[in-house]
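First up is the structure itself, then whatever we jot down about it.
Owing to the predicted nature of the structure, the values given are computational and were not obtained by experimental measurement.
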Amino acid sequence: MADTTGSENEGDLQAQMEEVEALSSIYGEEWCVIDEASRIFCIKISNDMDEPKLTACLQIILPPDYPSAAPPIYQINAAWLRGQQRAELANSLEDLYVEHAGESILYLWVEKIREFLLEKSQSSETVSQPENVNMTAEEEDDNDDVPDFRTLKLNTENEHLFMHHAADEELPPIKHGNTITDRRSTFQPHLAPVVTPRQVKMVLEKLYENKKIASATHNIYAYRIYCEDKNSFLQDCEDDGETAAGGRLLHLLQILDVRDVLVVVSRWYGGILLGPDRFKHINNCARNILVEEGFTACADEATKSGVKSRKTKSKKTK
C-alpha cells in the first residue's frame, strides 16, 4: 500500500499557508506571526465598540496534520475572561471544529470570539478590563514590541472540567534548579510534573509556603497539560508583575513541545534595571531545568514516536 502521509502533510501545509495569507490580509496589523517555523500565530480581537471596549488575544499553534486530522492548539488570553465564561467560549470553539472537521477553521474561530465579545459587552456579566498601572520603566521599554499574553492567576473555577481525577491527588515532586545572578538580581527555576489544574494549584501553594520564594519580587509561571481525549492543551501563564514574562515563558514551553509540566521562575530584584536581559535569564533558567529533568528529551522522543503524554513518567517520579 502506498504511503500517503507525505502527500497529506504537504496538503495540510499548503492549506495552512493559504489560510495564514488570507487571515493576514483580512486582519492586517491585528494578525501577528510569533514563530513562522513553528507555526505559532496570534490575533488581537475586539468587539468593535467604543464603550465598553473588550479585547482578547487568541494564540494559535498549527500542528502538522491541521486541518485534515487535528484541530489548532489554542490559548485565549483576556484579563476579564473568567470561569464559566471561559468554558463557554472554549466549548463554542470546539463545537465549531466538530461541525467543520477537516476544514480551515481559524476565520470562524476569530469571528466567533468577536461575536462572543460583543454579546458580553452588552450584558451585565462583563468585568471591566484592568488598566496597566504602576508600570516600571523597565516594563515600558519592552511592552510595545511584545504581544500582551498576560493572563490571570490559576483559575480554579475550571477544575470541574477535570473531576475524573481523584480528589485526593498527591502533591507532585518539586525540583529546584540552579540560580542565575546578574547585577544583584537573582533568578531560580522550579519545576513539577502536573496532569491536572488541581496539581498546579497544589504546587504553587507548596512553593509559596517557602518564605524565600514567597518574598521574591516576581514568581513567573507557565504550565502545559495535554488533554488526550481532546487532542489539545490546557495551558496558562502568570506574569506576577513582570509584564509579558509569563507569555514568553509559555512560548518557550510551546516551542520545546513539553507537556504535563509546570515551570516557575522566581526573581529577586537587586535594585538595578536589567532591561531585556531579565527575559533572557527567565527563559534560560526554565530551559536549563527542563533539560536537567529530562523533559526536552521526552518531547523529542514523543515527537518521533507519536507519544502524546508524559503521564507515565510523571507517575514514576512521585
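- A donor and an acceptor atom, one from each side chain of R39 and Q16, are located under 3.5 Å apart.
- Ring planes of H281 and F187: tilted class, angle from 30 to 60°.
- Taking both residues in full, the closest heavy atoms of Y97 and A70 are given as OH-C, 3.4 Å, listed atom of the first, atom of the second, then distance.
- Remark: the backbone N or O of Y269 is paired with a side-chain donor or acceptor of T217 at under 3.5 angstrom.
- Here the closest non-hydrogen pair linking A222 and G246 is CB-O, 4.3 Å.
- Side-chain contact check for C42 versus Q75: every heavy-atom pair is 4.5 Å or farther apart.
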Query - T196 and V200: CA distance, side-chain angles, deciding distance, side chain to side chain contact (heavy atoms under 4.5 Å, CB included) verdict - result: CA-CA 7 Å; T196 68; V200 174; over 6 Å; no
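- Considering every non-hydrogen atom in both I255 and I40, the closest pair reads CD1-CD1, 3.4 Å.
- Linking ILVMFWY residues whenever their side-chain heavy atoms come closer than 4.5 Å, directly or via other members, places L262 and I213 in the same cluster.
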Report task. Please assess R278 against S185 for the test side chain to side chain donor-acceptor pair (under 3.5 Å), listing each intermediate value before the final yes or no. Result -> CA-CA 9 Å; R278 68 194 191 279; S185 279; over 6 Å; no
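- Note: N219 CG to L204 CG = 9.0 Å, rounded to the nearest 0.5 Å.
- In the hydrophobic clustering of ILVMFWY residues, with side-chain heavy atoms under 4.5 Å counting as a link, F279 and W268 come out apart.
- Between atom OG of residue S232 and atom CD1 of residue I73 there is a gap of 8.0 Å, rounded to the nearest 0.5 Å.
- The backbone N or O of I105 lies less than 3.5 Å from a partner atom in the side chain of Y66, making a donor-acceptor pair.
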**Report entry** R224 and D236: CA distance, side-chain angles, deciding distance, salt bridge (charged side-chain N to carboxylate O under 4.0 Å, His left out) verdict
**Finding:** CA-CA 7 Å; R224 298 185 84 212; D236 206 348; over 6 Å; no
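- Annotation: side chain of L23 is not in contact with side chain of I43 (no heavy-atom distance under 4.5 Å).
- Of the possible donor and acceptor atoms, one in the side chain of R114 sits under 3.5 Å from a partner among the backbone N and O of S46.
- Side-chain contact, Q14 with E18: a donor N or O sits under 3.5 Å from an acceptor N or O.
- In summary, K120 and E88 engage in a salt bridge, as defined by a charged side-chain N under 4.0 Å from a carboxylate O.
- Qualifying side chain to side chain contact (heavy atoms under 4.5 Å, CB included) partners for R184, counting only residues two or more places apart in sequence or in other chains: I272.
- A distance of 10.0 Å separates NZ of K175 from CZ of F295, quoted to the nearest 0.5 Å.
- Considering every non-hydrogen atom in both P189 and N178, the closest pair reads CD-O, 3.2 Å.
- In this structure, Q188 contributes its side chain and G177 its backbone to a donor-acceptor pair below 3.5 Å.
- L96 CG to K112 NZ: the interatomic distance, rounded to the nearest 0.5 Å, is 5.5 Å.
- The shortest heavy-atom contact between A192 and P172 is CB-CB, 4.4 Å.
- In this structure, N231 and Y226 have side chains that are in contact, with non-hydrogen atoms separated by less than 4.5 Å.
- Rounded to the nearest 0.5 Å, atoms CZ (R267) and SG (C285) are 11.5 Å apart.
- Counting only heavy atoms from C-beta outward, the side chains of T186 and I180 never approach each other to under 4.5 Å.
- A donor-acceptor contact shorter than 3.5 Å links the side chain of D12 to the backbone of S68.
- Counting heavy atoms from C-beta on, the side chains of L58 and V110 come closer than 4.5 Å.
- The side-chain heavy atoms of I289 and H176, taken from C-beta on, include no pair separated by under 4.5 Å.
- Taking the ring centre of W31 as origin, the terminal cationic atom of K44 falls outside the region bounded by 6.0 Å and 45° from the ring axis.
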Query - Derivation of the side chain to side chain contact (heavy atoms under 4.5 Å, CB included) call for L93 and I113 - result: CA-CA 8 Å; L93 297 186; I113 294 172; 4.1 Å; yes
Query raised in the report: What do the steps show when you test Q235 against L253 for side chain to side chain contact (heavy atoms under 4.5 Å, CB included), and what is the final call?
Result: CA-CA 10 Å; Q235 52 192 5; L253 302 189; over 6 Å; no
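- The two atoms that bring L274 and D182 nearest to each other are CD2-O, 3.7 Å, heavy atoms only.
- For the residue pair Q199 / Y223, no side-chain donor-acceptor distance below 3.5 Å is found, with atom types taken as modelled.
- With a 4.5 Å cut-off on side-chain heavy atoms, V194 and D260 do not count as touching.
- Side-chain atoms of F41 and L62, non-hydrogen and from C-beta on, do get closer than 4.5 Å to each other.
- Of the possible polar contacts, none joining the S24 side chain to the E21 backbone as a donor-acceptor pair under 3.5 Å is found.
- There is no side-chain donor-acceptor pair under 3.5 Å between Y221 and D240.
- Residues I76 and Y27 fall within the same hydrophobic cluster, defined by Ile, Leu, Val, Met, Phe, Trp and Tyr side chains chained together at heavy-atom separations under 4.5 Å.
- Using modelled atom types, one finds a donor on one side chain and an acceptor on the other under 3.5 Å when comparing H190 with S266.
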**Report entry** From CA spacing to verdict: side chain to side chain contact (heavy atoms under 4.5 Å, CB included), K206, E209
**Finding:** CA-CA 5 Å; K206 184 64 177 180; E209 288 177 6; 3.5 Å; yes
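- For the atom pair SG (C237) and CZ (R248), the distance works out to 12.0 Å, reported to the nearest 0.5 Å.
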